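Structure, as C-alpha coordinates:
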Amino acid sequence: MAAFIESKQSGGGSSRMYTYDTLQEIATYLLERTELRPKVGIICGSGLGTLAEQLTDVDSFDYETIPHFPVSTVAGHVGRLVFGYLAGVPVMCMQGRFHHYEGYPLAKCAMPVRVMHLIGCTHLIATNAAGGANPKYRVGDIMLIKDHINLMGFAGNNPLQGPNDERFGPRFFGMANTYDPKLNQQAKVIARQIGIENELREGVYTCLGGPNFETVAEVKMLSMLGVDAIGMSTVHEIITARHCGMTCFAFSLITNMCTMSYEEEEEHCHDSIVGVGKNREKTLGEFVSRIVKHIHYEAKK
Ligand SMILES: O=P(O)(O)O[C@H]1O[C@H](CO)[C@@H](O)[C@H]1O
(Lines give C-alpha, C1' and ligand atoms only; values in the text may rest on other atoms or scores of the structure.)
Protein backbone atom coordinates (compact mmCIF):
# COMPACT_ATOMS: atom_id res chain seq x y z
CA MET A 1 0.00 0.00 0.00
CA ALA A 2 2.78 2.43 0.94
CA ALA A 3 4.46 1.95 -2.43
CA PHE A 4 1.11 2.39 -4.17
CA ILE A 5 0.46 5.66 -2.34
CA GLU A 6 3.97 6.82 -3.12
CA SER A 7 3.48 6.11 -6.82
CA LYS A 8 0.18 8.04 -6.74
CA GLN A 9 1.95 10.95 -5.01
CA SER A 10 4.79 11.21 -7.46
CA GLY A 11 4.64 13.34 -10.57
CA GLY A 12 5.70 16.78 -11.70
CA GLY A 13 5.02 19.90 -9.74
CA SER A 14 2.97 21.87 -12.26
CA SER A 15 -0.28 21.72 -14.18
CA ARG A 16 1.74 19.98 -16.92
CA MET A 17 1.14 16.57 -15.31
CA TYR A 18 -2.62 16.77 -15.85
CA THR A 19 -3.10 17.62 -19.49
CA TYR A 20 -6.50 18.43 -20.92
CA ASP A 21 -6.59 14.95 -22.48
CA THR A 22 -5.79 13.22 -19.19
CA LEU A 23 -8.48 15.16 -17.38
CA GLN A 24 -10.94 14.47 -20.19
CA GLU A 25 -10.11 10.77 -19.85
CA ILE A 26 -10.99 10.92 -16.14
CA ALA A 27 -14.22 12.80 -16.86
CA THR A 28 -15.20 10.35 -19.58
CA TYR A 29 -14.45 7.38 -17.29
CA LEU A 30 -16.88 8.81 -14.74
CA LEU A 31 -19.55 9.94 -17.22
CA GLU A 32 -19.63 6.46 -18.71
CA ARG A 33 -20.36 5.02 -15.26
CA THR A 34 -23.05 7.37 -13.98
CA GLU A 35 -26.15 8.82 -15.55
CA LEU A 36 -26.06 11.84 -13.28
CA ARG A 37 -25.05 15.14 -14.87
CA PRO A 38 -24.39 17.43 -11.91
CA LYS A 39 -23.96 21.16 -12.22
CA VAL A 40 -22.73 21.52 -8.64
CA GLY A 41 -19.50 20.05 -7.30
CA ILE A 42 -18.91 19.88 -3.54
CA ILE A 43 -15.64 19.35 -1.70
CA CYS A 44 -16.03 18.03 1.83
CA GLY A 45 -13.49 19.23 4.37
CA SER A 46 -12.03 17.41 7.37
CA GLY A 47 -14.85 15.86 9.37
CA LEU A 48 -17.42 17.16 6.88
CA GLY A 49 -17.55 14.05 4.71
CA THR A 50 -20.86 12.90 6.20
CA LEU A 51 -22.44 15.43 3.85
CA ALA A 52 -21.81 12.93 1.06
CA GLU A 53 -23.72 10.34 3.08
CA GLN A 54 -26.86 12.44 2.74
CA LEU A 55 -26.90 11.94 -1.04
CA THR A 56 -29.49 9.58 -2.47
CA ASP A 57 -29.39 7.29 -5.52
CA VAL A 58 -25.61 7.40 -5.47
CA ASP A 59 -22.91 6.22 -7.82
CA SER A 60 -19.69 6.27 -5.90
CA PHE A 61 -16.09 5.78 -6.93
CA ASP A 62 -13.21 5.11 -4.57
CA TYR A 63 -10.30 7.30 -5.58
CA GLU A 64 -8.12 4.21 -6.04
CA THR A 65 -10.38 3.04 -8.84
CA ILE A 66 -10.42 6.27 -10.85
CA PRO A 67 -7.67 6.52 -13.46
CA HIS A 68 -4.94 9.06 -12.65
CA PHE A 69 -6.57 9.99 -9.32
CA PRO A 70 -4.45 10.46 -6.20
CA VAL A 71 -5.53 8.76 -2.96
CA SER A 72 -6.62 10.33 0.32
CA THR A 73 -4.14 9.81 3.15
CA VAL A 74 -5.68 11.98 5.89
CA ALA A 75 -8.04 10.72 8.63
CA GLY A 76 -11.51 12.14 8.14
CA HIS A 77 -11.13 12.11 4.34
CA VAL A 78 -12.74 8.90 3.08
CA GLY A 79 -11.36 9.10 -0.45
CA ARG A 80 -14.43 8.68 -2.59
CA LEU A 81 -16.17 10.62 -5.34
CA VAL A 82 -19.92 10.39 -4.87
CA PHE A 83 -22.55 11.33 -7.45
CA GLY A 84 -26.09 11.57 -6.14
CA TYR A 85 -29.00 13.83 -5.28
CA LEU A 86 -28.89 16.36 -2.47
CA ALA A 87 -32.32 17.80 -1.72
CA GLY A 88 -33.39 16.44 -5.12
CA VAL A 89 -30.56 18.18 -6.99
CA PRO A 90 -27.84 16.18 -8.77
CA VAL A 91 -24.42 16.91 -7.31
CA MET A 92 -20.97 15.37 -7.25
CA CYS A 93 -19.15 15.32 -3.98
CA MET A 94 -15.52 14.76 -3.09
CA GLN A 95 -15.64 12.87 0.18
CA GLY A 96 -12.07 13.74 0.98
CA ARG A 97 -9.69 16.21 -0.62
CA PHE A 98 -5.97 16.33 -1.32
CA HIS A 99 -3.58 18.53 0.61
CA HIS A 100 -0.14 19.87 -0.25
CA TYR A 101 1.34 18.43 2.97
CA GLU A 102 0.38 14.91 1.82
CA GLY A 103 3.09 15.32 -0.77
CA TYR A 104 0.86 16.39 -3.62
CA PRO A 105 1.74 19.45 -5.73
CA LEU A 106 -1.00 22.10 -5.71
CA ALA A 107 -2.00 21.30 -9.30
CA LYS A 108 -2.66 17.73 -8.22
CA CYS A 109 -4.60 18.85 -5.13
CA ALA A 110 -6.85 21.00 -7.30
CA MET A 111 -7.08 18.64 -10.28
CA PRO A 112 -10.55 17.25 -9.34
CA VAL A 113 -11.99 20.76 -9.77
CA ARG A 114 -11.10 20.62 -13.46
CA VAL A 115 -12.69 17.19 -13.66
CA MET A 116 -15.86 18.68 -12.15
CA HIS A 117 -15.73 21.41 -14.79
CA LEU A 118 -15.34 18.90 -17.62
CA ILE A 119 -18.24 16.89 -16.22
CA GLY A 120 -20.39 20.01 -16.54
CA CYS A 121 -20.33 21.58 -13.08
CA THR A 122 -20.83 25.32 -13.21
CA HIS A 123 -20.62 25.79 -9.43
CA LEU A 124 -18.11 24.75 -6.80
CA ILE A 125 -18.93 24.54 -3.11
CA ALA A 126 -15.75 24.10 -1.08
CA THR A 127 -15.93 23.40 2.63
CA ASN A 128 -13.13 23.15 5.14
CA ALA A 129 -12.23 22.90 8.79
CA ALA A 130 -10.25 25.92 9.93
CA GLY A 131 -8.80 27.57 12.99
CA GLY A 132 -10.29 30.87 14.10
CA ALA A 133 -7.75 33.70 14.04
CA ASN A 134 -10.40 36.32 14.73
CA PRO A 135 -10.81 36.43 18.51
CA LYS A 136 -14.54 37.13 18.15
CA TYR A 137 -15.09 33.72 16.58
CA ARG A 138 -16.20 30.63 18.50
CA VAL A 139 -15.69 26.93 17.83
CA GLY A 140 -18.64 25.68 15.78
CA ASP A 141 -19.12 28.98 13.90
CA ILE A 142 -19.56 28.83 10.15
CA MET A 143 -17.49 31.43 8.30
CA LEU A 144 -18.59 32.29 4.79
CA ILE A 145 -15.40 32.98 2.89
CA LYS A 146 -15.58 36.41 1.29
CA ASP A 147 -11.95 36.46 0.19
CA HIS A 148 -8.65 34.69 0.68
CA ILE A 149 -4.97 35.50 0.94
CA ASN A 150 -2.95 33.16 -1.22
CA LEU A 151 0.14 32.99 0.96
CA MET A 152 1.62 30.04 -0.87
CA GLY A 153 1.16 32.02 -4.08
CA PHE A 154 3.27 34.82 -2.59
CA ALA A 155 6.10 32.31 -2.52
CA GLY A 156 5.52 31.32 -6.14
CA ASN A 157 3.51 28.19 -5.51
CA ASN A 158 0.31 28.21 -7.54
CA PRO A 159 -1.84 25.36 -8.94
CA LEU A 160 -1.79 27.01 -12.37
CA GLN A 161 1.99 27.17 -12.63
CA GLY A 162 3.27 25.85 -15.92
CA PRO A 163 1.93 26.13 -19.46
CA ASN A 164 -1.59 27.50 -19.67
CA ASP A 165 -4.23 25.59 -21.58
CA GLU A 166 -6.70 28.16 -22.92
CA ARG A 167 -9.39 25.46 -23.05
CA PHE A 168 -9.59 25.85 -19.27
CA GLY A 169 -9.14 29.59 -19.07
CA PRO A 170 -6.87 32.55 -19.78
CA ARG A 171 -3.26 32.84 -18.61
CA PHE A 172 -4.02 35.95 -16.56
CA PHE A 173 -7.29 36.61 -14.81
CA GLY A 174 -8.74 38.63 -11.95
CA MET A 175 -9.76 37.33 -8.55
CA ALA A 176 -12.07 40.11 -7.29
CA ASN A 177 -15.44 38.79 -6.09
CA THR A 178 -14.37 35.20 -6.70
CA TYR A 179 -16.46 34.13 -3.71
CA ASP A 180 -19.84 34.91 -5.21
CA PRO A 181 -21.30 37.81 -3.20
CA LYS A 182 -24.86 36.86 -4.21
CA LEU A 183 -24.44 33.34 -2.87
CA ASN A 184 -22.99 34.69 0.37
CA GLN A 185 -26.02 36.97 0.65
CA GLN A 186 -28.31 34.00 0.11
CA ALA A 187 -26.36 31.97 2.67
CA LYS A 188 -27.13 34.66 5.24
CA VAL A 189 -30.84 34.38 4.41
CA ILE A 190 -30.63 30.61 4.76
CA ALA A 191 -28.79 30.93 8.07
CA ARG A 192 -31.71 33.00 9.39
CA GLN A 193 -34.22 30.47 8.05
CA ILE A 194 -32.55 27.61 9.90
CA GLY A 195 -31.81 29.61 13.04
CA ILE A 196 -28.02 29.75 12.88
CA GLU A 197 -27.58 33.46 12.11
CA ASN A 198 -25.74 33.99 15.40
CA GLU A 199 -23.16 31.37 14.44
CA LEU A 200 -22.62 32.71 10.94
CA ARG A 201 -19.58 34.86 10.13
CA GLU A 202 -18.07 36.20 6.94
CA GLY A 203 -14.34 36.60 6.67
CA VAL A 204 -10.97 36.07 5.05
CA TYR A 205 -9.37 32.63 4.84
CA THR A 206 -5.78 31.73 4.27
CA CYS A 207 -4.15 28.41 3.47
CA LEU A 208 -0.79 27.45 4.91
CA GLY A 209 1.18 24.45 3.74
CA GLY A 210 0.88 22.54 7.02
CA PRO A 211 0.90 19.91 8.41
CA ASN A 212 1.91 21.70 11.62
CA PHE A 213 -0.47 24.21 13.12
CA GLU A 214 0.69 27.81 13.40
CA THR A 215 3.00 29.36 15.95
CA VAL A 216 1.66 32.17 18.14
CA ALA A 217 3.76 34.67 16.17
CA GLU A 218 2.34 33.39 12.87
CA VAL A 219 -1.24 33.69 14.10
CA LYS A 220 -0.56 37.25 15.31
CA MET A 221 0.96 38.17 11.96
CA LEU A 222 -1.89 36.66 9.94
CA SER A 223 -4.47 38.30 12.13
CA MET A 224 -2.79 41.69 11.55
CA LEU A 225 -2.97 41.00 7.82
CA GLY A 226 -6.73 40.63 8.04
CA VAL A 227 -7.02 36.86 8.16
CA ASP A 228 -10.02 35.51 10.10
CA ALA A 229 -9.54 31.77 9.62
CA ILE A 230 -6.53 29.58 8.87
CA GLY A 231 -6.49 26.23 7.12
CA MET A 232 -4.46 24.08 4.76
CA SER A 233 -6.71 23.80 1.71
CA THR A 234 -9.36 25.45 -0.49
CA VAL A 235 -7.38 28.40 -1.92
CA HIS A 236 -5.82 26.40 -4.78
CA GLU A 237 -9.15 24.71 -5.51
CA ILE A 238 -10.90 28.06 -5.73
CA ILE A 239 -8.18 29.56 -7.97
CA THR A 240 -8.54 26.58 -10.29
CA ALA A 241 -12.34 26.88 -10.32
CA ARG A 242 -12.21 30.60 -11.00
CA HIS A 243 -9.76 30.04 -13.84
CA CYS A 244 -12.25 27.79 -15.63
CA GLY A 245 -15.18 30.13 -15.00
CA MET A 246 -16.95 28.28 -12.22
CA THR A 247 -19.02 30.19 -9.66
CA CYS A 248 -17.51 29.68 -6.23
CA PHE A 249 -19.00 29.40 -2.78
CA ALA A 250 -16.96 28.33 0.22
CA PHE A 251 -17.15 28.27 3.97
CA SER A 252 -15.00 27.26 6.91
CA LEU A 253 -16.28 25.45 9.94
CA ILE A 254 -14.32 26.95 12.84
CA THR A 255 -13.16 23.76 14.51
CA ASN A 256 -10.71 25.34 16.95
CA MET A 257 -9.36 28.69 17.92
CA CYS A 258 -5.79 29.31 16.82
CA THR A 259 -3.36 29.62 19.69
CA MET A 260 -2.98 33.34 20.22
CA SER A 261 -0.81 33.59 23.33
CA TYR A 262 2.09 31.69 24.90
CA GLU A 263 0.16 31.27 28.15
CA GLU A 264 -2.65 29.35 26.48
CA GLU A 265 -2.49 25.61 26.27
CA GLU A 266 -2.77 24.48 22.65
CA GLU A 267 -5.89 22.35 22.59
CA HIS A 268 -6.42 21.52 18.97
CA CYS A 269 -5.55 18.27 17.31
CA HIS A 270 -6.85 16.67 14.14
CA ASP A 271 -9.16 14.26 16.02
CA SER A 272 -10.96 17.06 17.84
CA ILE A 273 -11.15 19.03 14.57
CA VAL A 274 -12.85 16.09 12.86
CA GLY A 275 -15.09 15.72 15.93
CA VAL A 276 -16.37 19.30 15.63
CA GLY A 277 -17.32 18.60 12.01
CA LYS A 278 -19.24 15.51 13.04
CA ASN A 279 -21.09 17.45 15.76
CA ARG A 280 -22.20 20.02 13.21
CA GLU A 281 -23.11 17.54 10.48
CA LYS A 282 -26.89 17.94 10.74
CA THR A 283 -26.82 21.73 10.61
CA LEU A 284 -24.24 21.80 7.83
CA GLY A 285 -26.21 19.23 5.84
CA GLU A 286 -29.28 21.44 6.01
CA PHE A 287 -27.26 24.55 5.21
CA VAL A 288 -25.55 23.05 2.15
CA SER A 289 -28.76 21.41 0.90
CA ARG A 290 -30.49 24.77 0.86
CA ILE A 291 -27.59 26.44 -0.93
CA VAL A 292 -27.61 23.69 -3.55
CA LYS A 293 -31.38 24.03 -4.01
CA HIS A 294 -31.00 27.78 -4.42
CA ILE A 295 -28.27 27.38 -7.07
CA HIS A 296 -30.40 24.83 -8.92
CA TYR A 297 -33.56 26.94 -9.00
CA GLU A 298 -31.72 30.18 -9.81
CA ALA A 299 -30.12 28.45 -12.80
CA LYS A 300 -33.58 27.45 -14.06
CA LYS A 301 -34.93 31.02 -13.99
O1 LIG B 1 -9.04 21.91 4.93
P2 LIG B 1 -9.56 20.61 5.38
O3 LIG B 1 -9.41 19.54 4.35
O4 LIG B 1 -10.97 20.72 5.89
O5 LIG B 1 -8.67 20.12 6.61
C6 LIG B 1 -8.19 20.93 7.66
O7 LIG B 1 -8.04 20.07 8.76
C8 LIG B 1 -6.72 19.48 8.75
C9 LIG B 1 -6.08 19.76 10.10
O10 LIG B 1 -6.77 19.14 11.12
C11 LIG B 1 -5.96 20.17 7.64
O12 LIG B 1 -5.92 19.34 6.51
C13 LIG B 1 -6.78 21.40 7.37
O14 LIG B 1 -6.65 21.88 6.05
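Residues: numbered from 1 along the sequence shown. Treat the numbers as computed from the prediction; the structure is a model and nothing was measured. Remember, it's 1-based here, ligands and their atoms both numbered in the order they're listed.
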Residue pairs passing the ring pair (Phe, Tyr, Trp, His ring centres under 6.0 Å) test with at least one member in residues 271-301, sequence neighbours excluded, are Phe251-Phe287

Practice item. Before accepting this row, confirm whether a basic side-chain N of the pair Glu286/Arg290 lies closer than 4.0 Å to the acidic partner's carboxylate O. Key: yes

Tyr205 N/O under 3.5 Å from ligand 1 N/O
no

min-distance protein heavy atom vs atom 9 (C) of ligand 1 -> His270 ND1, 3.5 Å

If you measure every N or O of Ala129 against every N or O of ligand 1, does any of those distances drop under 3.5 Å?
yes

**Study point:** Output field: ring centroids Phe69/Phe61 closer than 6.0 Å
**Key:** no

| message | Met232 versus ligand 1: do any nitrogen or oxygen atoms come within less than 3.5 Å of each other? | response | yes

Heavy-atom proximity to atom 8 (C) of ligand 1, picking from Gly131, Gly49, Ser46, points to Ser46

Original post:
Is there a donor-acceptor pair under 3.5 Å between the side chain of Arg37 and the backbone N or O of Leu31?
Top reply: yes

Discussion item. Under a 3.5 Å distance rule, please check whether Thr206 uses its side chain to pair with a backbone N or O of Ile149 as donor and acceptor.
Written reply: yes

closest protein heavy atom to atom 1 (O) of ligand 1 is Ser233 OG, 2.5 Å

| said: Below 3.5 Å, N or O to N or O, backbone or side chain included: is there any such pair between Asn128 and ligand 1? | reply: no

